[in-house]
Amino acid sequence: MTQQLTHEEARRQAKVIVDQMTIDEKIGQIKYEAPAIDRLNIPEYNYWNEALHGVARAGVATVFPQAIGLAATFDDHLINEIADVIGTEGRAKYNEFTKHEDCDIYKGLTFWSPNVNIFRDPRWGRGHETYGEDPFLTSKFGVAFIKGLQGQAKYLKLAATAKHFAVHSGPEGLRHGFDAVVSDKDLYETYLPAFKAAVEEADVESIMTAYNAVDGVPASVSEMLLKDILHDKWSFEGHVVSDYMAPEDVHENHKYTKDAAETMGLAIKAGLNLVAGHIEQSLHEALDRGLVTEEEITNAVISLYATRVRLGMFATDNEYDAIPYEANDTKAHNNLSEIAAEKSFVLLKNDGVLPLRKETMEAIAVVGPNAHSEIALLGNYFGTPSRSYTILEGIQERLGDDVRVHYSIGSGLFQDHAAEPLAKADERESEAVIAAEHSDVVVAVLGLDSTIEGEEGDASNSQGAGDKPNLSLPGRQRQLLERLLAVGKPVVVLLASGSSLQLDGLENHPNLRAIMQIWYPGARGGLAVADVLFGAVSPSGKLPVTFYKNTDNLPAFEDYNMAGRTYRYMTDDALYPFGYGLTYSSVALSDLQVKSYEDTATVTATIQNTGNFDTDEVVQVYVKDLESEFAVPNAQLKGFKRVYLGKGAKQTITFDLRPQDFEVFDAHGRNFIDSERFEISVGVSQPDARSIALTGVQPLQTELSLAGSQTTH
């Protein structure tokens with residue numbers, strides 16, 4: 001592996017460039033739309049690019065499953081491979097855009113991904129951009145994605161950005177002036193670990209600040225976040241960018257400062273380097289008023305140019321310059337997207353109806369507002385697929401002329417009308433019922449899409465600002481499902497959404513034979529769905545979020561206290577728990593062994609496929625502290641591995657637990673090992689009663705002693 005250009009050397013080279021700039025030129029470079037400096041032969045550059053699950057908003061690119069779906073694979077090696085592909089496509093497009101002197105937005109090499117915020121509340125509309133509710137899983141996926149995006153060569157392939165720093169997960173409608181009040185324990189135990197891992201384990205090149213305030217101080221001017229934690233504690237060496245127009249919020253909505261000059265002075269002093277907004281010119285006034293120094297402005301620009309140096313923008317020996325345009329949107333990349341989709345689907349219920357046997361069917365009904373919807377494949381922050389397959393198209397493609405496919409939209413996604421506003425409400429409902437009556441089985445594709453679940457300003461449900469009020473199906477979808485169930489044919493529900501939903505008790509209807517969560521599965525999602533439905537592939541995804549029964553016992557959405565939230569803190573049974581997901585086969589676990597070495601441990605167990613279907617399975621390790629007063633109430637995920645098991649095959653899996661896997665956080669956010677006794681659980685789900693009842697698999701458990709290993713880290 002080639003030695004990557006160090007931050008120290010990059011800053012040295014950047015300083016040589018920046019020292020030639022005037023103060024006006026330096027201030028101009030602090031805006032995300034950095035203008036050209038012709039006399040220094042520096043072209044214009046736009047820092048804003050997106051790569052949440054593929055190169056986004058810049059034309060044709062491979063569109064992978066949405067981030068929450070990728071998290072459901074529980075496969076950090078896969079997401080690293082996907083990020084490497086995104087890096088290749090990003091470079092391929094950039095190389096051609098620059099040849100054509102196109103330096104517009106979404107065409108640079110600084111990508112504002114991944115989103116490593118914690119999906120703490122199922123109502124949050126942007127939760128599908130994240131890797132779920134668990135700090136451990138989010139950290140693993142964030143690190144894998146960043147490393148894949150940035151590459152392992154002398155220069156960075158792309159520059160990744162971990163966002164939104166910090167304590168950011170709704171409500172969307174309040175985000176521009178919201179103050180997230182958080183305890184030190186929750187801050188360090190839940191909201192910061194993924195960012196810490198991004199910095200310390202993945203050397204992420206950029207951090208994006210959040211819109212909200214944290215304990216009274218807007219994130220973009222927070223010395224606690226940017227100076228004390230990010231730079232001093234974690235030794236971050238990249239650059240910091242604001243979310244779009246977040247600096248304007250500091251004085252306009254938070255009312256934390258009097259004007260833009262005061263905001264910019266505080267921001268630069270705290271550690272912000274790049275303004276995604278339009279108030280960087282206020283630095284002139286801030287400089288005149290003594291609110292910031294020229295040296296501080298210079299250092300901010302050096303940080304930005306160090307990133308450009310590390311990207312090889314001023315180099316003649318950058319191997320990534322040779323990536324051709326043909327490396328974008330390749331057959332292999334799209335095949336990888338399809339494989340990722342297959343691994344992301346979570347089978348929530350199956351009474352034996354799946355996989356469907358096409359040789360026993362004459363006709364199948366494919367109905368519902370997401371059955372033939374491209375937007376339901378794509379989520380948000382997506383590129384343009386050169387070819388996409390909706391669920392309907394995927395089923396049609398795989399069945400060919402062997403089985404008749406009846407289709408009806410059935411209902412609107414959330415509207416009273418499905419297609420014809422001049423008709424009476426529910427004008428396509430009877431067509432869906434007719435399709436069901438004339439078929440052997442019904443596949444109902446329901447749920448949400450990014451027009452009603454997403455970012456404030458993007459989603460069209462203006463009342464919710466992208467958030468959702470509850471976990472029920474919106475609009476007339478439940479009514480449609482009830483009518484389909486009344487026909488008497490077996491119904492398979494596919495839920496396309498980026499967050500947890502519930503069917504208001506219809507989960508237990510005798511004619512509702514199977515439920516599968518398909519997220520927003522990417523451009524090839526329809527093919528992947530069909531292959532799983534008809535048994536070419538076994539479903540194997542696991543839930544990266546809890547599917548709650550309802551929101552009745554959840555704390556208020558605005559409350560950032562973790563008590564009662566997520567699988568680590570909840571006291572009620574889940575509808576479908578974090579870590580849960582069925583396959584078409586069955587497994588048996590045996591031979592659990594745990595060996596401790598001071599404050600580390602090695603865990604081994606054997607898993608065997610005892611069923612009649614080849615499948616992947618995700619083996620999970622949970623640790624529960626049995627003594628400390630600071631321990632979270634429930635067992636926590638501390639290891640996972642996806643394994644392929646042919647029929648009858650067995651594998652012995654090994655996990656290495658680190659000191660931090662046994663740590664707790666006290667009320668001051670200090671982390672240390674506080675116990676001698678821990679319960680170790682190894683299974684295909686978390687070790688709660690609901691998961692065991694749903695899977696029928698009892699996890700292996702043993703008590704581990706770390707006697708005498710109480711140490712502070």
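Keep in mind that the numbers below use all heavy atoms, side chains included, and drop hydrogens, waters and symmetry copies.
Salt-bridge annotation for E429 and R476: absent, with no side-chain N of the basic residue lying under 4.0 Å from a carboxylate O of the acidic one. Salt bridge annotation for K468-E172: absent, with no cationic side-chain nitrogen under 4.0 angstrom from a carboxylate oxygen. Under the 4.0 Å criterion applied to side-chain N and carboxylate O atoms, K349 and E507 are not assigned as salt-bridge partners.
In this structure, the side chains of D449 and I452 come closer than 4.5 Å at one or more pairs of heavy atoms. Within the 4.5 Å cutoff, the side chain of I375 has heavy atoms near those of the S450 side chain. For the pair V214 and H168, the minimum side-chain heavy-atom distance is 4.5 Å or more. Inter-residue side-chain proximity for F165 and L226 is flagged as met; some heavy-atom pair is nearer than 4.5 Å. Looking only at side-chain heavy atoms (C-beta outward), V623 and Q636 stay at 4.5 Å or farther from each other. You'll find the side chain of I207 stays beyond 4.5 Å of the side chain of K163, heavy atoms only. Put simply, the side chain of L471 does not reach to within 4.5 Å of the side chain of L575, judged on heavy atoms. Side-chain atoms of E453 and S499, non-hydrogen and from C-beta on, do get closer than 4.5 Å to each other.
Taking the six-membered ring where the residue is Trp, the centroids of H128 and Y520 are separated by under 6.0 Å. Checked against the 6.0 Å centroid threshold, F665 and Y188 do not count as a close aromatic pair. Aromatic pair H278/Y244: centroids less than 6.0 angstrom apart.
A search for side chain to side chain contact (heavy atoms under 4.5 Å, CB included) contacts involving N350 returns L347, V353, L354, A514, Y584, not counting sequence neighbours. Remark: P555 engages D559, R565 in a side chain to side chain contact (heavy atoms under 4.5 Å, CB included) (not counting sequence neighbours). By the side chain to side chain donor-acceptor pair (under 3.5 Å) test, K269 is found to be paired with E296, residues two or more places apart in sequence or in another chain being considered. By the ring pair (Phe, Tyr, Trp, His ring centres under 6.0 Å) test, Y191 is found to be paired with Y560, residues two or more places apart in sequence or in another chain being considered. Listed by chain and number, the residues in a side chain to side chain donor-acceptor pair (under 3.5 Å) with H53 amount to none (sequence neighbours excluded). Applying the side chain to side chain contact (heavy atoms under 4.5 Å, CB included) test to L174 and every residue at least two apart in sequence or in another chain returns P171, F178, E558. Listed by chain and number, the residues in a side chain to side chain donor-acceptor pair (under 3.5 Å) with Q415 amount to none (sequence neighbours excluded). Listed by chain and number, the residues in a side chain to side chain contact (heavy atoms under 4.5 Å, CB included) with A71 are Y131, P544 (sequence neighbours excluded). The side chain to side chain donor-acceptor pair (under 3.5 Å) search around S282 returns none, not counting sequence neighbours. With sequence neighbours excluded, no residue forms a salt bridge (charged side-chain N to carboxylate O under 4.0 Å, His left out) with D228.
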*Take Q517 and S497 through the test side-chain hydrogen bond (donor to acceptor under 3.5 Å, both in side chains) and record every step on the way to the result.*
CA-CA 8 Å; Q517 178 70 30; S497 70; 2.9 Å; yes
*Walk me through it: do F630 and D674 pass the test side-chain contact (heavy atoms from CB on, under 4.5 Å)?*
CA-CA 8 Å; F630 304 116; D674 193 39; 3.8 Å; yes
*So Q701 and S681, side-chain hydrogen bond (donor to acceptor under 3.5 Å, both in side chains) or not? Walk me through it.*
CA-CA 4 Å; Q701 292 184 307; S681 302; 2.8 Å; yes
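The CZ atom of F382 sits 10.5 Å away from the CG atom of L377 when rounded to the nearest 0.5 Å.
Among pairs with a residue in residues 123-133, those fulfilling salt bridge (charged side-chain N to carboxylate O under 4.0 Å, His left out) read D121-R123, R126-E129, R126-E455, at least two apart in sequence or across chains. Applying the salt bridge (charged side-chain N to carboxylate O under 4.0 Å, His left out) test to pairs two or more places apart or on separate chains, those with a residue in residues 181-199 are K185-E189, K196-E200.
For S675 (side chain) and S628 (main-chain N/O), a donor-acceptor pair under 3.5 Å exists by modelled atom type. The closest donor-acceptor contact from the side chain of E456 to the backbone of G466 lies at 3.5 Å or more, if one exists at all. Of the possible polar contacts, one joining the K255 side chain to the E252 backbone as a donor-acceptor pair under 3.5 Å is found.
Note: Y576 and Y580 have parallel aromatic rings, judged against thresholds of 30 and 60 degrees for the angle between ring planes.
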